[in-house]
2 protein chains.
Amino acid sequence: MTTEIKLNKKEVTREKNQQLILNAAEQLFSQLGYDGASMSMIAKAAQVPKANILYYFKSKDGLYEAVIDRIVVNWNLGLNDINATQEPAIVLYNYIKNKVSLSIAQPLQSRLFAGEVLRGAPYLQNYISSSTRPWVKKKAALFQSWIDQGKIDSVNPYHLLFTIWSTTQYYADFQSEVLLILDKKDYTPQDITEITDSIAQIILKGIGLSVPTKNE
Amino acid sequence: MTTEIKLNKKEVTREKNQQLILNAAEQLFSQLGYDGASMSMIAKAAQVPKANILYYFKSKDGLYEAVIDRIVVNWNLGLNDINATQEPAIVLYNYIKNKVSLSIAQPLQSRLFAGEVLRGAPYLQNYISSSTRPWVKKKAALFQSWIDQGKIDSVNPYHLLFTIWSTTQYYADFQSEVLLILDKKDYTPQDITEITDSIAQIILKGIGLSVPTKNE
DNA sequence: TCAGTCGTTGACCTTTTGGTCAACAAAGTT
DNA sequence: AACTTTGTTGACCAAAAGGTCAACGACTGA
């Protein structure tokens, strides 16, 4: 029964090497896109022979899918942030705050994902249809119930969600443009606070709420 | 003096062929990215020998830059939409409406641009620094003056602009995701109205304005 | 200890890449 | 008509792409 407990030396190094490769691949795919990043570049970055990557992941496609799978798993962990039991203002504020933090903390993943979607999401269609869509549907229903109870203004729940996503992801995906315009080298902690506040203020007030004061 | 008036047969076909090539290149670069689209694919799509493209544009880089230049020129035409003389609500509403229309009418351009920025904007840095940044600065000053006059709420003007950009572009750049979630094949005219209304409602109310009734 | 499995890797393969070139066609100039 | 300039294009090239393979190394289990 406990077959997965004993980790051979082999299995340990296997896991380690795979993560090493995935890290390098994530970095390069995010920076250069699927076609822009070559197997030999990834091999060099991971300090591993190219043939070794092919041994683990079968093909470039396989590697790319593995990279995306890992991101999706990670992101799913934080997806259920929207909790129905609290007040709308608190729920939405926390969701926005978390999304901004996540975007800025993990821009590579956000950008890789964005690049995928930009090109028609060939590797993500299944995931979006089977995971994201039902999740969105549930949250849209929650928003609708808030509307029906008069807790928030009447807005299309889907577009409300898209508005939150677009504004929060923008700072990761279009980081280079934002920083160029703001004439900065990086986001400071103060920037992150300002971004969160701006977005939260506009969206919350925009649907008839006010930003919650600090009593979570 | 009037050397540019007489268009030789040569110059005419030159212009025509260049536009043909640029159209094909725009399409393919937008769909597949810089590295994903190859010269032979573009040549085939434009129904022109590959060597001919190289003759006109010198290199793949040259072609890419030409494609981007054309887009930038087109976009600049619509950039000065924000007009200081009218009421904030009307100005912003029209700007949002135009941006949504433009995004959905010209998704290829929006996505090509987005792909560029995503990868660090290597070909756009100069343009952003020299054109976009000053423009943004001016508009931010206008927003600030509205704030000082108490016409709109106090929000960071830059982030207000980023919010407008992100929400309006989202429907072009992430079209595949949006359509998958909404379970649609294309945006309908009604969708466009709903998108515009949602965004305008949230953002305008979010800064203390109300959506203008139909009297431009 | 000794098979047998799993992992490692340099050499090698085919295909495609961006790009060159030389020979030729077509227009403009005199 | 002769000459020059500009455009056209198939054949070609070196480099790099993704991927295969066979020989070898290292660990495990009996």
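The phosphate of D:dA17 (OP1 or OP2) has a side-chain N or O of A:Ser40 nearer than 4.0 angstrom. Checking the phosphate oxygens (OP1, OP2) of C:dG10, no side-chain nitrogen or oxygen of A:Asn52 falls inside 4.0 Å. Side-chain nitrogen and oxygen atoms of A:Tyr55 include none within less than 4.0 Å of the OP1 or OP2 phosphate oxygen of D:dG19. For B:Arg14, no side-chain nitrogen or oxygen approaches OP1 or OP2 of D:dT6 to under 4.0 Å. In this model, the phosphate group of C:dT16 is not approached by any side-chain N or O of B:Ser38 to a distance below 4.0 Å at OP1 or OP2.
In this structure a side-chain-to-backbone donor-acceptor pair under 3.5 Å is missing from B:Ser129 to B:Asn126.
Where A:Leu54 and A:Met41 meet DNA chain D, the nucleotide closest to each residue was compared, and A:Met41 sits on the side nearer the 5' end.
In this model, a side-chain donor or acceptor of A:Lys50 finds a partner on the base of D:dG19 within 3.5 Å.
Heavy atoms only, all atoms of each residue included: A:Ile181 and B:Arg133 are closest at O-CD, 3.4 Å. Considering every non-hydrogen atom in both A:Gly120 and A:Gln125, the closest pair reads O-NE2, 3.7 Å.
Side chain of A:Ala51, nearest nucleotide from D:dT8, C:dG19, C:dT9: C:dT9.
Regarding B:Tyr34, its OH atom lies at a distance of 11 Å from the C1' atom of C:dT17, rounded to whole Å. Whole-Å rounding puts the A:Lys58 NZ to D:dC21 C1' distance at 16 Å. Protein atom CZ of B:Phe29 is 8 Å distant from nucleotide atom P of C:dG18, rounded to whole Å. One interatomic measurement links the two molecules: CD of A:Glu15 to P of C:dC6, which rounds to 17 Å at whole-angstrom precision. Rounded to whole Å, the distance from CG on B:Asn17 to P on D:dG7 is 10 Å. In this entry the distance linking NZ of B:Lys44 with C1' of D:dT9 reads 18 Å, nearest Å. Between B:Met39 atom CE and D:dA17 atom P there is a gap of 18 Å when expressed in whole angstrom units. Between B:Asp61 atom CG and C:dT17 atom P the separation is 16 Å, expressed in whole Å.
Within 4.0 Å (heavy atoms only), B:Ala43 reaches no atom of the nucleic acid at all.
Two rings, from A:Tyr171 and B:His159, have their centers less than 6.0 Å apart.
The aromatic rings of A:Tyr34 and A:Tyr64 lie perpendicular to each other, with more than 60° between the two planes, well past the 30° mark.
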